[in-house]
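Inspection log for the structure reproduced underneath, given as structure tokens.
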Amino acid sequence: MEHRPHKGTKKVELAADRGQHGQFPRVRMRRNRASDWSRRLVRETNLTVDDLIWPVFIKDGGAKREPIPSMPGVHRLTIPALLTAAEEAARLGIPAIALFPYVPKERKDERAEEAVRSDNLCNRAIRALKKAVPEIGVICDVALDPFTSHGHDGVMKGERIVNDETVDILCRMALAQAEAGVDVVAPSDMMDGRIGQVRDALDAEGHQSTLIMSYAAKYASAFYGPFRDAIGSKGALKGDKRTYQMDFGNGDEAIRECALDVAEGADMLMVKPGLPYLDVLHRVKQAFRMPTFAYQVSGEYSMIKAAAQNGWLDNDKAMIESLSCFKRAGADGILTYFAIEAAQKLRG
Ligand code: PBG
């Protein structure tokens with residue numbers, strides 16, 4: 001079918017040939033690839049330190065740094081350790097860090113009361129960071145799951161996660177973070193209507209400059225496994241998150257989710273997880289031309305680390321390749337647990 005000659009088709013093909021699509025043997029694609037200098041010269045996208053956002057797990061008390069077994073090389077940090085780590089990140093030129101709290105069982109409840117307290121771990125960390133390392137951007141997740149006894153991102157009524165009541169709490173949570181001085185609030189809960197309501201709540205209290213990075217297209221994913229270890233919600237989570245996070249079979253739905261969040265006032269969009277969803281990332285960037293971010297999530301990180309520890313692949317090469325592919329697909333930046341390692345590598 002494709003080769004059936006149509007009237008006039010030949011002419012079009014020849015015109016295309018005279019343009020960029022020549023033919024062998026005059027055209028040899030390998031010429032540009034022959035040397036390091038020419039490969040660098042023709043490279044279409046480049047990963048830089050400016051593309052990196054470092055997600056950090058924080059905790060109260062105990063050892064300054066506590067390893068997370070399912071995420072080799074990643075630690076939960078106390079606030080003093082966080083400040084040291086943030087200084088290093090800033091020195092390397094990493095633009096921003098994203099905070100995720102480890103919350104002990106006794107601070108969790110059905111309605112995530114801890115999430116809205118002005119002196120909770122995140123808010124104390126934000127204040128300390130903005131004082132000690134003011135040059136680094138501070139992003140904080142807005143979602144209830146670290147704080148709920150059932151591990152869900154919303155309030156439960158029976159078996160249901162109730163939307164509107166949850167959004168009210170998210171607004172109070174975002175406000176408490178803004179008051180602590182956070183630069184960017186990042187709603188990651190996937191409740192409907194939360195971006196608009198968070199924007200209104202912030203604006204009503206004079207926080208017009210606080211940015212919103214929306215986890216706009218966030219999928220119910222098996223790749224979050226190690227993260228739930230890290231924040232201590234794994235044992236707690238009852239069931240799964242499929243009534244609010246997206247179905248991995250859907251792409252058009254991601255465009256609708258993003259369109260809503262753009263209309264509601266999101267400053268930045270995020271697609272999550274990362275590598276298995278590069279098609280979604282590409283479509284979102286093409287559709288909206290918004291600052292668009294990808295999250296290389298815990299499971300993606302741990303897969304590379306585990307394989308590298310077994311000698312099955314080269315850690316640094318897999319790290320730089322995977323991060324670079326996000327750029328090629330259209331990302332303006334990547335949240336990655338490799339941020340420090342990648343920045344060190346990129347700085348040589
Ligand atoms: C909280 C949240 C999650 C992640 C970021 N924010 C987990 C979840 O939705 O269950 C996952 C990050 C990762 O796996 O690295 N809503």
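Bear in mind the structure is a predicted one, so any value in this text is a computation, not a measurement. Whatever order the structure lists them in is the order used to number ligands and atoms, beginning at 1.
Among all protein heavy atoms, the one lying closest to atom 1 (C) of ligand 1 is Asp145 OD2, 3.0 Å. In terms of protein heavy-atom proximity, atom 6 (N) of ligand 1 is closest to Asp141 OD2, 3.0 Å. Nearest non-hydrogen protein atom to atom 4 (C) of ligand 1 is Lys272 NZ, 2.6 Å. At the shortest separation from atom 16 (N) of ligand 1 among protein heavy atoms lies Asp153 OD2, 2.7 Å. Considering only non-hydrogen protein atoms, atom 14 (O) of ligand 1 sits nearest to Ser298 OG, 2.7 Å. In terms of protein heavy atoms, atom 8 (C) of ligand 1 is closest to Lys241 NZ, 3.3 Å. For atom 9 (O) of ligand 1, the closest non-hydrogen atom of the protein is Lys218 NZ, 2.7 Å.
For Phe248, the CZ atom sits in a loose shell: 12 or fewer heavy atoms of surrounding residues, nucleotides or ligands are nearer than 6.0 Å.
Note on ring orientation: taking the six-membered ring where Trp is involved, the planes of Tyr295 and Tyr337 are tilted (angle from 30° to 60°).
Here the CD1-CD distance, from Ile126 to Glu179, works out to 11.0 Å after rounding to the nearest 0.5 Å. Taking CG from Leu92 and NZ from Lys345, the interatomic distance works out to 14.0 Å, rounded to the nearest 0.5 Å. Atom CG of residue Leu144 and atom CG of residue Leu170 lie 5.0 Å apart, to the nearest 0.5 angstrom.
Residue Glu300 places no heavy atom under 4.0 Å from ligand 1. Distances shorter than 4.0 angstrom occur between a heavy atom of Arg228 and an atom of ligand 1.
For atom 7 (C) of ligand 1, the choice among Phe227, Tyr215, Tyr295 with the nearest heavy atom turns out to be Phe227.
Close contacts between ligand 1 and Ala143 involve ligand atoms 16 (N) [criterion: under 4.0 Å to a heavy atom]. Residue Tyr337 has at least one heavy-atom neighbour below 4.0 Å for each of these atoms of ligand 1: 12 (C), 13 (C), 15 (O).
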Side chain to side chain donor-acceptor pair (under 3.5 Å) between Ser322 and Glu300, worked out: CA-CA 10 Å; Ser322 62; Glu300 299 174 63; over 6 Å; no
CA sep, side-chain torsions, deciding dist, call: Phe227, Phe57, ring pair (Phe, Tyr, Trp, His ring centres under 6.0 Å): CA-CA 9 Å; Phe227 174 94; Phe57 299 107; 5.6 Å; yes
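Not less than 6.0 angstrom separates the ring centroid of Phe326 from the ring centroid of Phe293.
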